[in-house]
Amino acid sequence: MNAHINLRNASKTDLPGLGILKLNSTMAWGKYKDELRELPEARCVPEVHLNHVIIAELAGRLVGFTTIIPGKHTTVAELEDLFVLPSQWRRGIGKHLLRAAEVRALGLGATSVHVVANEYAQLFYESAGYVLVGTAHTDFGLAPELRKNFD
């Protein structure tokens with residue numbers, strides 16, 4: 001990728017754009033479109049998570065974001081979201097966001113990151129050092145559950 005990816009913290013004015021990007025990215029896989037349109041969580045980022053959102057921009061345009069929050073156990077951070085605009089897939093934006101989330105997790109004192117991914121993203125996470133640790137029940141069935149330990 002030739003363009004410079006700018007990473008920044010999210011602000012309240014970003015919330016509508018984050019929701020649109022989240023829904024569009026999720027629907028791009030082509031599965032569960034009707035169900036996703038009806039599911040409020042599929043098109044919004046909770047305001048309470050805003051302080052944990054990292055945004056990726058190209059030329060001032062929102063192209064992706066990730067949300068990394070402290071987990072139930074202080075040593076585990078939860079990767080809540082990682083979405084990239086479908087037109088920008090396979091350009092390294094997701095890798096930049098994932099690395100930024102991991103750095104943020106380390107800053108929170110975490111020794112590992114946990115994520116429940118969709119079946120399409122599993123290989124992406126595994127290529128970044130995440131290991132399949134189980135499956136989780138979601139609104140759309142079972143999903144891979146992965147973890148990366150920082151050693």
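For reference, positions follow the sequence shown, starting with 1.
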Partners passing salt bridge (Lys or Arg N to Asp or Glu O under 4.0 Å) against E57 (at least two apart in sequence or in another chain): R8
How many angstroms lie between atom CD of Q122 and atom CD of E145, to the nearest 0.5 angstrom? 11.5 Å
Verify the cluster assignment for L97 and I20: are they in a single hydrophobic cluster under the rule of side-chain heavy atoms below 4.5 Å apart? no
Interatomic spacing from CG in L62 to CG in L21 - rounded to 0.5 Å: 5.0 Å
Specify the closest pair of heavy atoms between T13 and S11, including all atoms of both residues, with the distance to one decimal. OG1-OG, 2.9 Å
Listed partners of N149 passing side-chain contact (heavy atoms from CB on, under 4.5 Å), at least two apart: S112, R147, D151
Please round to the nearest 0.5 Å and tell me the distance separating atom CD1 of I5 and atom CG of L58. 5.5 Å
Residues in ring-ring contact (aromatic ring centres under 6.0 Å, His included) with Y125, at least two apart? Y130
Across all chains, not counting sequence neighbours, the side-chain contact (heavy atoms from CB on, under 4.5 Å) partners of T111 are T75
Are L82 and V76 linked, directly or through other ILVMFWY residues, by side chains that come within less than 4.5 angstrom of each other? no
Would you kindly confirm whether V53 and V116 end up in one hydrophobic cluster when ILVMFWY residues are joined by side chain heavy atoms under 4.5 Å apart? no
Mind checking the OG1-CD1 spacing from T66 to I93? Nearest 0.5 Å is all I need. 13.0 Å
For the student: nearest non-hydrogen atoms of P144 and L132, plus distance: CB-CD1, 3.7 Å
Shortest non-hydrogen contact from A105 to A77? CB-CB, 3.6 Å
What is the minimum heavy-atom distance between V113 and L79, and which atoms define it? CG1-CB, 3.9 Å
Single-linkage hydrophobic cluster, 4.5 Å side-chain cutoff, I54 and I69 together: no
Side chain T135, main chain A143, donor-acceptor under 3.5 Å: no
Decide side chain to side chain contact (heavy atoms under 4.5 Å, CB included) for V103 and R99; before the verdict, give the C-alpha distance in whole Å, the side-chain angles of both, and the deciding distance to 0.1 Å. CA-CA 6 Å; V103 168; R99 181 65 189 132; 3.7 Å; yes
For I68 and A101, which heavy atoms make the closest approach, and how far apart are they? CG1-O, 3.7 Å
Where do D14 and N9 come nearest, in terms of heavy atoms and distance? OD2-O, 4.5 Å
Strictly by ring pair (Phe, Tyr, Trp, His ring centres under 6.0 Å), give each pair with a member in residues 77-100 just once, sequence neighbours left out. W29-W89, F65-F83
Separation of K148 NZ from E126 CD (nearest 0.5 Å): 12.5 Å
Taken to the nearest 0.5 Å, the spacing of H49 NE2 from E78 CD works out to 10.0 Å
If two hydrophobic side chains count as joined below 4.5 Å and joins carry through other members, does F124 share a cluster with L7? yes
Pairs flagged by salt bridge (Lys or Arg N to Asp or Glu O under 4.0 Å) wherever residues 104-118 is involved - sequence neighbours left out: none
Would you call R91 and V63 a side-chain contact if the rule is heavy atoms closer than 4.5 Å? no
